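The structure appears right after this line, and notes come after that.
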Amino acid sequence: MKSIDERSIDAIRILSADAIQKANSGHPGLPLGAAPMAYTLWSKCMNFNPADPNWFNRDRFILSGGHGSMLLYSLLHLFGFGLTIDDIKNFRQFGSLTPGHPEYGHTVGVEATTGPLGAGMAMAVGMAMAEAHLSSVFNKEGYPIVDHYTYVLGGDGCMMEGTSYEAFSLAGTLGLGKLIVLYDSNDISIEGGTNIAFRENVSQRFQSFGFQTIRVEDGNDINAIQVAIEAAKSDKTRPTLIEIKTKIGAGCPAKEGKASAHGEPLGVENVAALRENLGWEEKESFVVPQDIYENYSNIAKKKAEAEDEWNKLFDAYAKEFPEMKELWDKYFDKDSAKVLYDMDDFWHVSDKPEATRSVSGKILNYAANILPNFFGGAADLAPSTKTYMNGKGDFSAEDRSGSNIHFGVRELAMAAIGNGIALHGGLRPFVSTFFVFSDYLKQMARLSALMKLPLTYVLTHDSIGVGEDGPTHEPIEQLATFRALPNFYAWRPADSVETAAAWYFALNSKDAPSALVLSRQNLPQLEGSSLDALKGAYILEDSDKDTPDGIILASGSEVSLAVEARAALLNEGIDVRVVSVPCMDLFEDQPDEYKESVLPKNVTKRVSVEALSTFGWDRYVGFGGKTIGMTSFGASAPARELFPYFGITTENVINTFKSL
């Protein structure tokens, strides 16, 4: 007769198969094959409390192979996280709590939105970095109040993705000993056996990264899996890869070990055969014997004891170290950045032309001295992106207390790691690179928006103003791409005031990421710029007429061209309004009355100017207006030559307006 552990594992398999079959959609292969390792981890090794899913010191678990979501949903249901059997029955249905891939903030117990393979792996690295940094800040002798592990489970696909390569290379460099990777190694991908495209020795690769590597030959041997996890936890200086050999679709006679088990329902007959092969007595779908539910419930009750002990420890810590409790509250206060609004130095206006990347660097350092939980860096470009926090130290294997992260030339992993840091809680992460390289991190920025994470992207060298580096380094279409992202705020400020506004917005955002797109070249300080920038677009200079003769719109470095064009047109008796548009996304959030006051419908003569793709500006200039911008790639030459060559000039703005 099977043990209660074995039957509890079978419950995961059966629930997963039933839900996928009912939906007639899903991926049964991973849940069937990985059920033993997931059950072993959750029941015997991991700290969590279903009664308080957001307990801070819980161990984190990320299912990087998000297509196998029914594995996670089955665990959440069986352990009592509030996911009901009806939720399981509604797998992949509209509005259900069990969508096709796990969604953070939608389903209780889901630590990260995963779907793009490798993303969960890299986000786990970010969580482990956050744990390591926070433990260095807060832990005192006898008071390990930040002390938890990050576990991530994924398969061969995750190991093929470059995201994982980048992230785990950094994890090994940093010696993240509390990061444990469970590798569901079944040698199958969608197209067949992995040897058609993937023949490397994964364990040796991880050893070269600096990981401890452990191999479990039988993915059904829960004792061996538990021993491996405990061995992983005992190595405090190295992250660990546990390669667990499994069979995709395990337990289903007709599908086990076959690529067809990956991404399609087993079929009614095969689900029945699975039940028979496992010795599962319940023939009705979605029925789990009561003693199995009781087993999960008893485990969950024991798990709650860990939080009880931690709460007692934290109470004692707060009494003995009241100053640390005060600091803790500051780290976890999502409104603490509001104090910047009333600080004149934060809004300090430079008295000379200055690149917005340089202005941003000063603002970042000022804010970092007010808000101690800044944690971030650049993809090997901090001297250029001006994102180094002076006096805050470097986060490394030797020093966890440093706040500056050296991501190396790893843009994709950097953004995913930033997501992981934000998901972990307690820190204000930012990441940075040249704007043109944002193409590398776009998928992770999309996940930032989808998860509603207030991660700040500092993206510099924002246009053809990059100059001599040429078209490979001159962004053209990137800003239009970010503006198209839902729940993402892309800023392109024109001067120091607007740059401060962009940072203020980003630091006070609770449910959306922001990108600060900043210039390499010096920009003039604009007399009319103001905190109205916090509305996304505003009247920088207005016409003296009740109805302006027209409107010139611009962002960033081109706002000064619009101002100059207005002055020249005024000398000819043409009185236009200049509207600065630092953030289209935020302007779209404003009430219709405000938008009408800035861009009245009866003023149809409009011109926009921006040294990037014109895509998207038509919503503001309308059919009667014109756009000035880039319709081709840039070129290699000094910026002073490129702007006239491509028509990004005051003269062209004037002539274009006159042509309307």
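These numbers were taken from a predicted model, which means no experiment stands behind them.
With respect to the salt-bridge test (charged N to carboxylate O, under 4.0 angstrom), the residues R58 and D52 do not qualify. Using a cut-off of 4.0 Å between Lys/Arg side-chain N and Asp/Glu carboxylate O, R238 and D235 are scored as salt-bridged. A salt bridge links R215 and E217; the closest N-O separation between the charged side-chain nitrogens and carboxylate oxygens is under 4.0 Å. Salt-bridge formation is not detected for the pair E230/K44: no Lys NZ or Arg NE/NH1/NH2 atom is positioned less than 4.0 Å from an Asp or Glu carboxylate oxygen. Between R483 and E588 there is no salt bridge, since none of the side-chain N atoms of the basic residue sits less than 4.0 Å from a carboxylate O of the acidic one. Contact check on K178 versus D59 returns no salt bridge, with no Lys/Arg side-chain nitrogen under 4.0 Å from an Asp/Glu carboxylate oxygen. One finds a salt bridge joining K245 and D187 here, because a Lys/Arg side-chain nitrogen approaches an Asp/Glu carboxylate oxygen to under 4.0 Å.
Between V110 and S69 the shortest side-chain heavy-atom distance does not fall below 4.5 Å. Contact of the R13 side chain with the P36 side chain is registered, since non-hydrogen atoms from C-beta on lie closer than 4.5 Å. Residues M37 and N220 have side chains not in contact (no heavy-atom distance under 4.5 Å, counting atoms from C-beta outward). The side-chain heavy atoms of M444 and M123, taken from C-beta on, include no pair separated by under 4.5 Å.
F206 has its ring centre less than 6.0 Å from the ring centre of F209. You'll find the ring centres of F430 and Y457 outside the 6.0 Å limit. The ring of F48 has its center no closer than 6.0 angstrom to the ring center of F61. Separation of the H148 and H424 ring centroids falls under the 6.0 Å cut-off.
When all heavy atoms are compared, the tightest approach of A259 to I188 is CA-CG2, 3.5 Å. Contact detail for A128 and L179: the closest heavy-atom pair is CB-CB, 4.0 Å. Pairing each heavy atom of N487 with each of A449, the nearest pair is ND2-O, 2.9 Å. Nearest heavy atom pair, residue G425 against residue L134, reads O-CD1, 3.6 Å.
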>> Using side chain to side chain donor-acceptor pair (under 3.5 Å), reason through T40 and Q226 one step at a time and then give a plain yes or no.
In response: CA-CA 6 Å; T40 303; Q226 183 177 359; over 6 Å; no
>> Does S16 form a side chain to side chain donor-acceptor pair (under 3.5 Å) with D18? I'd like the steps, not just the answer.
In response: CA-CA 6 Å; S16 298; D18 282 346; over 6 Å; no
> Hey, mind stepping through D156 and S189 against side chain to side chain donor-acceptor pair (under 3.5 Å) and telling me if it holds?
Replying inline: CA-CA 7 Å; D156 292 297; S189 60; over 6 Å; no
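Between H262 and H67, the ring-plane angle classifies as tilted under the 30° and 60° cut-offs.
Within a 6.0 Å radius of NZ in K302, other residues, nucleotides and ligands contribute 12 heavy atoms or fewer. Applying the 6.0 Å contact sphere to CD of E200 captures more than 12 heavy atoms from other residues, nucleotides or ligands. The number of heavy atoms from other shown groups lying within 6.0 Å of OH (Y440) does not exceed 12. Applying the 6.0 Å contact sphere to NZ of K452 captures no more than 12 heavy atoms from other residues, nucleotides or ligands. For E191, the CD atom is loosely surrounded, since the number of other residues' heavy atoms within 6.0 Å does not exceed 12. For K334, the NZ atom is loosely surrounded, since the number of other residues' heavy atoms within 6.0 Å does not exceed 12. Other residues, nucleotides and ligands place no more than 12 heavy atoms under 6.0 Å from the NZ atom of K247.
Partners of A413 according to the side chain to side chain contact (heavy atoms under 4.5 Å, CB included) rule, which considers only residues two or more places apart in sequence or in another chain, are E166, A167, R410, I417.
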